[in-house]
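I have placed the structure first, in the form of structure tokens, so that the comments after it can refer back to it.
Chain letters run A, B, ... following the sequence lines, proteins first and then strands; every chain starts at 1. All heavy atoms count here, side chains included; hydrogens, waters and symmetry mates do not.
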Amino acid sequence: MNEVKNKFISHHIGSLLKEIFGSGTGIITFIGAAILIFFVILAIFAPQIAPYDPTVRVSRSLKPPSDEFIFGTDNLGRDVLSRVIYGARIALTIAFIAVLIAAAIGIPLGLISGYIGGILDRIITLIMDAIYSFPGLILAIAIAAVLGPGILNIAISIAVVYAPTYYRVIRNQVASIKDELYVEAARAIGARNIVILLRYILPNVLPSVVVVLSMNLADAIMTEAGLSFLGLGIAPPTPDWGFDLSNGQRFVLSKAWWGLLYPGLAIITVVLGFSMFSEGVNEYLNPTIKEKR
Amino acid sequence: MSLKNYILTRILLAVPMIIILLAFIFLILRIIPGDPVLAMLGGKAPKEVIEQKRHELGLDKPLPIQFFDYFFGLFKGDFGKSTLTGRPVLDELKERFPATVELTLFAFVIAVLIGIFGGTEAAKRKDKLPDVLARFFAIFMYAIPIFWFGLMLQLLFGVMLRWLPVAGRISPAIQFEPITGLYIIDSLLRGNWKAFVDVVKHLIMPGTALGLVISSIFLRMVRNNMVLVLSKDFVKAAIARGIENKSVLYRHALKNALVPIMTVMGMQLALLLAGAVLTETTFSWPGLGSYLVLKIRYRDFPAIQGAVVFFAIIVVVISIFVDIINAIVDPRVRY
Amino acid sequence: MRSEKVIEIKNLRISYLTRRGPVSAVDNVSFSIMKEETLGLVGESGCGKTSIGNSILKILPKNSSIEGKILFEEKNLVELGEKEMQKIRGLKISMIFQDPMTSLNPIMKLRDHFVETIKTHKPEISEDKAEEMAEEAFKAVGIEPSRLKDYPFQLSGGMRQRAMIALALVLNPKFVIADEPTTSLDVIVQAQILELLKNLKEKYKMSIMLITHDLGVVAEMADRIGVMYAGNLVEEGLSEKIYYEPKHPYTEALLKSIPNTKPEDKKLIYIPGNLPDLINPPTGCRFSPRCPKAMKICFEEEPPIFEVDGSKVKCWLYKGAEIVENERVNQS
């Protein structure tokens with residue numbers, strides 16, 4: 001499990017925070033949850049919160065931050081603050097969908113592969129390992145390039161990268177659980193395989209799934225930002241942090257720092273928040289950690 | 001097993017790994033519900049044109065045949081032809097490759113230096129200030145998008161302070177003929193000091209951006225392994241033989257701490273390459289990453305596939321390399 | 001000849017700072033070791049014997065503190081700086097560790113262990129000469145010199161311990177600390193290693209401090225024995241005295257607890273109770289809670305060290321005998 005977690009930014013940030021602030025502090029979880037809720041509210045109530053329409057020219061181009069536009073305006077005279085607020089929508093939506101798709105691919109494959117074993121297991125594992133070892137972003141780029149822009153397409157590209165992680169966690173746990181006594185007993189009284197899988201095995205691997213899901217969010221957001229920075233995100237003028245950064249870069253020579261600083265800070269805050277929250281989830285659901293306390 | 005035999009076995013074992021990776025890339029680019037030809041030509045192209053393009057690219061053949069055609073083409077060095085430029089993809093990749101090598105090597109050196117010295121210091125002063133600072137540095141580096149970090153460096157050192165060139169590999173005003181394609185080495189070989197300084201200046205920002213992001217991972221791994229190794233008996237035994245502190249730390253402890261790090265370096269490598277794609281785009285660095293992004297913009301599918309396959313081969317080759325170094329450092333691996 | 005003291009330990013106190021408070025691991029221990037003598041330091045695990053060994057070379061963990069005197073070559077090692085200690089470690093005082101599996105650097109050839117050690121202390125020696133010395137040392141411990149080019153993991157456990165011994169002795173130190181040198185080895189190999197140590201001691205004329213929990217091991221090797229209990233040296237004397245005329249109830253109990261091979265003694269005797277908590281050691285004698293002969297005074301006052309029949313005993317049973325040392329009483 002730990003080896004799999006190493007793939008996630010969240011895991012690294014979470015364990016570092018724990019080393020600094022000590023384990024078992026609810027503060028990390030609390031701050032993380034607060035950041036998470038804050039951004040979810042931003043995303044849902046963006047129209048009510050944002051001072052301007054993010055896709056419409058409301059002022060002169062590239063106006064530095066002022067009382068009127070506290071984050072300044074971009075090259076098309078759009079309010080940066082409003083774009084950052086609306087940007088949370090795309091980031092969170094894609095991240096959540098990507099994580100769900102990754103789980104929807106990885107979990108069933110892991111269950112089947114781990115439960116049945118044999119040659120099928122070997123083949124799926126081989127393929128999953130190949131994806132796992134390949135640089136994730138490059139793979140996502142290739143898939144996004146073929147699929148073209150769109151929320152679902154970007155989410156699928158990201159999901160393919162992380163599906164092997166779910167697969168690995170589930171497969172290994174199922175492979176060790178399936179020979180336990182209570183599973184044997186269920187088999188002995190004639191339970192069908194599908195029943196055994198869903199009623200006896202799945203509930204046992206569910207905590208790990210939740211941990212991986214929560215950890216995956218920060219990475220999904222990071223990958224989404226990277227893709228849209230490279231121009232592979234959703235089509236403009238929809239506000240998107242990564243896209244706004246690549247747009248802002250064109251005006252780096254005009255020293256328009258506000259177009260670069262704020263979307264980046266938004267990404268960092270979300271990533272930190274999700275990491276903190278997932279560390280809390282991890283600690284809550286991971287019995288070995290709780291025992292140590 | 002002798003070292004030579006180990007290396008041979010390791011290379012042989014890599015062959016199936018490469019085949020699986022190639023097949024996977026090939027499939028993922030074919031199976032997913034998108035049509036490269038449609039994506040290439042746009043939805044409005046007439047049917048005959050689409051069919052003709054399909055035939056041209058060999059996409060009308062059955063999938064396995066396509067794969068074998070592609071696979072054996074690769075062996076002959078045929079990566080297909082770019083639909084954008086009409087040139088062989090391999091030639092274009094070869095031109096771009098040295099730039100990526102130069103960038104990643106520079107970044108790697110920075111990361112290793114920071115990782116080893118920072119990690120050793122942090123381990124030596126476990127839970128003291130340097131250790132805590134190292135942790136904050138690592139958190140920051142994990143949470144930061146690499147391209148944003150690059151943008152901030154660009155803004156600060158390139159635009160505001162004007163210390164370093166904002167982008168590119170070499171100033172257009174500088175004339176010099178590359179030899180190996182690695183400009184640092186070439187400029188030295190040519191004895192062109194001005195070019196050398198210019199190249200290094202261009203390399204500093206992208207190299208540092210990429211290097212710092214990777215360094216936090218190294219730093220953590222070195223630190224954690226050092227803490228573990230420093231508690232081992234043989235370290236105490238070395239001290240008890242009167243070996244000097246520095247020697248104990250670097251000769252005995254660090255070398256042992258690096259062994260497990262090298263085995264997980266494959267994953268860092270993947271991160272380094274992914275980071276290189278973003279960094280190259282940020283700094284208009286003419287390497288493989290910006291090549292891939294450029295070709296995507298023009299929907300040049302043979303080139304995209306070629307570039308991804310090339311990345312896959314790099315991953316496999318370097319993982320072999322890492323294992324061999326590992327076997328040299330840790331004799332237990334070979335037996 | 002045996003009058004010369006190689007090392008003298010006076011009122012040694014070692015404590016470790018832990019989260020629960022300071023642990024007094026060694027409390028007011030004094031003894032000395034003579035030239036060419038072997039002293040066996042015996043006790044259960046956690047009694048402080050290994051701490052004493054490590055304190056002599058000052059390789060205790062960072063959370064420890066040492067008080068008292070460790071006199072070696074007219075210097076007090078307790079006060080010596082790290083640089084000066086480095087010049088003593090391996091050259092004048094060597095250590096043989098418990099586990100030869102983990103005490104050699106796994107990714108360094110055996111030869112390099114020797115060359116490094118020799119060149120650290122005697123930089124003037126050439127690499128070739130150092131290698132020759134290593135070969136000599138290997139021959140002395142009975143390993144084929146060609147094995148020097150091997151890595152530690154290529155040797156068997158017994159061979160590795162021989163290599164460790166060779167490494168400890170290569171610079172001909174005058175004092176060797178052997179910390180449970182045979183504990184991790186098979187019985188037959190144990191005997192061979194002890195035999196080897198005995199012969200080498202005669203050959204190189206050195207002094208040994210043999211730290212072990214195994215009375216059988218010390219019986220074979222030691223001239224004198226010190227028995228430790230919960231950080232105190234409770235009895236010290238000539239080996240045969242300790243064996244045949246134990247004075248301290250703990251020594252008696254320890255001797256009885258050795259599994260006997262005689263068929264009539266089928267019963268395995270053990271000492272009831274556990275080692276005391278060293279964060280809050282019991283008042284009075286530290287052994288009193290487990291002692292079958294405990295008296296009222298034993299629970300109230302720490303016993304001084306009495307000289308009885310040539311042995312030194314820290315026990316109230318001998319009240320009235322000559323007091324050798326009684327620092328604690330003087331203090332209060």
> Between B/Phe140 and B/Phe149, how do the two ring planes meet: parallel, tilted or perpendicular, split at 30° and 60°?
Replying inline: perpendicular
Any idea which of [options] has the most non-hydrogen atom pairs under 4.5 angstrom with chain B?
options: A/Ile20, A/Leu272, A/Val271; result: A/Ile20
options: A/Val160, A/Asn153, A/Leu253; result: A/Leu253
options: A/Asp129, A/Ile9, A/Leu260, A/Leu139; result: A/Leu260
options: A/Ile138, A/Leu137, A/Leu126; result: A/Ile138
options: A/Ile267, A/Leu17, A/Ile141; result: A/Ile141

>> Under a 4.5 Å cutoff for heavy-atom pairs, which residue among B/Ile304, B/Ile144, B/Leu292 has the most contacts with chain A?
In response: B/Ile144
>> For B/Phe136, which atoms come within 4.5 Å of any heavy atom of chain A: side chain, backbone, both, or neither?
In response: both
> Tell me, side chain or backbone of B/Val308 under 4.5 Å from chain A's heavy atoms, or both, or neither?
Replying inline: both
> Do the charged groups of B/Arg125 and B/Asp131 touch, with an N to O distance under 4.0 Å?
Replying inline: no
> B/Ala134 and B/Leu219: which non-hydrogen atoms are nearest, and at how many Å?
Replying inline: CB-CD2, 3.5 Å
> Can you list the steps and then say if B/Tyr298 with B/Thr83 is a side chain to side chain donor-acceptor pair (under 3.5 Å)?
Replying inline: CA-CA 9 Å; B/Tyr298 290 101; B/Thr83 51; over 6 Å; no
Distance-only check: which donor-acceptor pairs under 3.5 Å involve side-chain atoms of residues 150-165 of chain B, not counting sequence neighbours?
{"from": "B/Gln154", "atom 1": "OE1", "to": "A/Gln249", "atom 2": "NE2", "distance (Å)": "3.2"}
{"from": "B/Gln154", "atom 1": "NE2", "to": "B/Val166", "atom 2": "O", "distance (Å)": "3.1"}
{"from": "B/Gln154", "atom 1": "NE2", "to": "B/Thr282", "atom 2": "O", "distance (Å)": "3.2"}

Would you give me the side-chain donor-acceptor pairs under 3.5 Å for residues 226-234 of chain A, sequence neighbours excluded?
{"from": "A/Ser228", "atom 1": "OG", "to": "A/Glu224", "atom 2": "O", "distance (Å)": "3.0"}
{"from": "A/Ser228", "atom 1": "OG", "to": "A/Ala225", "atom 2": "O", "distance (Å)": "3.2"}
{"from": "A/Ser228", "atom 1": "OG", "to": "A/Asp240", "atom 2": "OD1", "distance (Å)": "2.8"}

